[in-house]
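Working notes, beginning with the structure itself.
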Protein chains: 2
Amino acid sequence: MTKSISANAFPAHEHDHTVCIADALDSAEQHCVAHQLRFTPLRRQVLEIVWSRHAPIGAYEILDELRNESRAAAPPTVYRALEFLVDHGFVHKIESLNAFVGCDRPDSEHVGQFLICGSCHQVGELDDPEIAKLIAKKAKTVGFDVSHQTIEVRGVCSNCAGENHA
Amino acid sequence: MTKSISANAFPAHEHDHTVCIADALDSAEQHCVAHQLRFTPLRRQVLEIVWSRHAPIGAYEILDELRNESRAAAPPTVYRALEFLVDHGFVHKIESLNAFVGCDRPDSEHVGQFLICGSCHQVGELDDPEIAKLIAKKAKTVGFDVSHQTIEVRGVCSNCAGENHA
DNA sequence: ATCCGTAATGTAATATTATAACATAAAATG
DNA sequence: CATTTTATGTTATAATATTACATTACGGAT
């Protein structure tokens with residue numbers, strides 16, 4: 001069975017963040033061991049900060065958190081850690097927000113399709129091959145050969161839609 | 001017949017820019033008249049600059065052009081004109097580039113799907129309802145109600161793919 | 001035509017996001 | 001343990017975008 005939505009997509013608002021953060025860090029660590037990547041303290045720390053927010057976080061917010069955790073840091077510190085995390089699929093950049101979210105599926109070569117809730121500001125991640133294929137196919141009809149897709153969708157998640165019943 | 005790709009998508013590299021720029025300005029002007037929008041000299045000038053590039057152009061590049069054309073200008077001048085142009089569909093923002101491209105179809109309520117050529121840096125615009133519908137449908141399966149889609153695709157356009165024959 | 005209210009633009013300052021360049025430190029490799 | 005590479009520290013600056021407030025131009029009422 002292929003999951004078409006990430007495990008971290010719009011968890012119930014009350015869910016236990018500590019567990020999913022720990023899972024994500026473990027998963028990243030395992031992936032790094034398996035692929036001979038250096039999961040340094042800084043990279044782990046940045047990934048933990050990203051996950052802790054559980055919503056898109058800006059580079060300078062990460063920087064503030066690092067400093068709160070009494071780590072000497074400047075912008076390049078953060079951007080370099082993010083570059084590593086993005087390159088290896090532990091984090092995605094949301095272009096339309098200039099912000100970053102954690103991804104718990106570093107292994108799959110997925111094209112993230114992001115669902116950005118305008119109410120709770122959390123981001124769910126679809127990884128639907130049908131969407132990717134349709135786009136590639138349509139582009140091909142005009143002779144365009146696709147190498148990468150950026151898909152970011154605004155709207156309202158189910159948790160938030162359900163909360164207006166008052 | 002519904003066109004699924006914009007007239008401005010990847011014209012031959014030798015095409016006559018002056019004509020498409022003039023067409024776009026005329027089209028924008030007509031739209032503004034019809035909708036009681038003020039197509040001021042500044043807005044026209046910015047739109048013309050955007051179209052002249054015929055590829056994504058940054059706000060500060062527009063600013064430089066304005067100044068070249070001996071118009072007093074500061075960043076807000078540009079960003080406000082762009083806001084108007086984007087709001088009314090004369091220009092789209094390419095989020096992944098922090099840059100802007102002209103659109104020649106202000107009327108249609110289209111969700112632009114942008115094809116960004118990594119070689120010539122031009123941008124084609126698909127406006128394919130199937131893609132939009134599929135995304136909305138897939139999002140719905142996880143309870144997400146879509147209001148806006150940002151779709152930006154990297155790759156190589158047909159003109160550029162054909163140019164490597166040496 | 002003149003006044004008035006609104007919308008657009010001018011202007012100065014500053015916020016936010018991101019990178020360049022070079023120095024230092026830590027780790028992997030032979 | 002010496003060497004090479006990779007990662008991080010540090011300073012400065014580039015690139016993108018907005019806030020706040022002053023001024024001007026426009027559109028509608030009289």
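Note on naming: letters A, B, ... go to the chains in the order of the sequence lines (proteins, then strands), and numbering restarts at 1 for each one.
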What pairs with [X] under side chain to side chain contact (heavy atoms under 4.5 Å, CB included), at least two apart in sequence or on another chain?
| X | value |
| --- | --- |
| Arg71(A) | Pro41(A), Leu42(A), Gln45(A), Leu66(A) |
| Ser119(B) | Cys117(B), Cys160(B) |
| Lys138(A) | Leu134(A), Leu126(B), Asp128(B), Glu130(B), Ile131(B) |
| Ser96(A) | Ile94(A), Ile116(A), Glu152(A), Arg154(A), Glu95(B) |

Review point. At under 4.0 Å between heavy atoms, what does Thr77(A) touch on the DNA or RNA strands: base, sugar-phosphate, or nothing?
Key: base
Check your understanding: Heavy atoms under 4.0 Å, any strand shown: does Ala72(B) hit a base, just sugar-phosphate, or nothing?
Key -> sugar-phosphate
Review point. Can you check whether His92(A) and Phe114(A) have ring centres sitting under 6.0 Å from each other?
Key: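 Centroid separation for His92(A) and Phe114(A): below 6.0 Å.
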Check your understanding: What pairs meet the ring-ring contact (aromatic ring centres under 6.0 Å, His included) rule with one or both residues in residues 57-80 of chain A, with sequence neighbours excluded?
Key ->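 Found none.
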Check your understanding: What residue pairs, at least two apart or across chains, pass ring-ring contact (aromatic ring centres under 6.0 Å, His included) with a residue in residues 124-155 of chain A?
Key ->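 Passing the test, one end in residues 124-155 of chain A: Phe144(A)-Phe10(B).
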Revision key, fill the gap. Bend of the helix from dA1(C)-dT30(D) to dG30(C)-dC1(D) from end-axis comparison, five pairs per end, nearest 10°, comes to 30°
Point to revise | Under 4.0 Å protein heavy-atom contacts per nucleotide of nucleotides 18-30 of chain C, with B for base, S for backbone only and - for none | key: BBBB-----S---
Study note, to complete from the structure: Contacts of Phe39(B) meeting ring-ring contact (aromatic ring centres under 6.0 Å, His included) (sequence neighbours excluded), chain-then-number -> none
Rounded off to whole Å, could you give me the [atom1]-to-[atom2] distance for the [X] and [N] pair?
| X | N | atom1 | atom2 | result |
| --- | --- | --- | --- | --- |
| Leu42(B) | dT11(C) | CG | C1' | 14 Å |
| Gln36(B) | dT6(C) | CD | P | 17 Å |
| Leu85(B) | dA8(C) | CG | C1' | 13 Å |
| Leu63(B) | dT9(C) | CG | C1' | 14 Å |

Exercise for review: Could you tell me from which nucleotide to which nucleotide of DNA chain D, 5' to 3', there is an atom under 4.0 Å from chain A heavy atoms?
Suggested key: dT6(D) to dT11(D)
Practice item. Please list all pairs passing the salt bridge (charged side-chain N to carboxylate O under 4.0 Å, His left out) test where one or both residues lie in residues 48-67 of chain A, with sequence neighbours left out. Key: Arg53(A)-Glu61(A)
Donor-acceptor contacts under 3.5 Å from residues 18-27 of chain B side chains, at least two apart:
unit_1	atom_1	unit_2	atom_2	d
Thr18(B)	OG1	Asp16(B)	OD1	2.3
Thr18(B)	OG1	Asp16(B)	OD2	3.4

Review point. Are the side chains of Ile135(B) and Ile151(A) in touch, meaning some heavy atoms are under 4.5 Å apart?
Key: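 Ile135(B) reaches Ile151(A) side chain to side chain.
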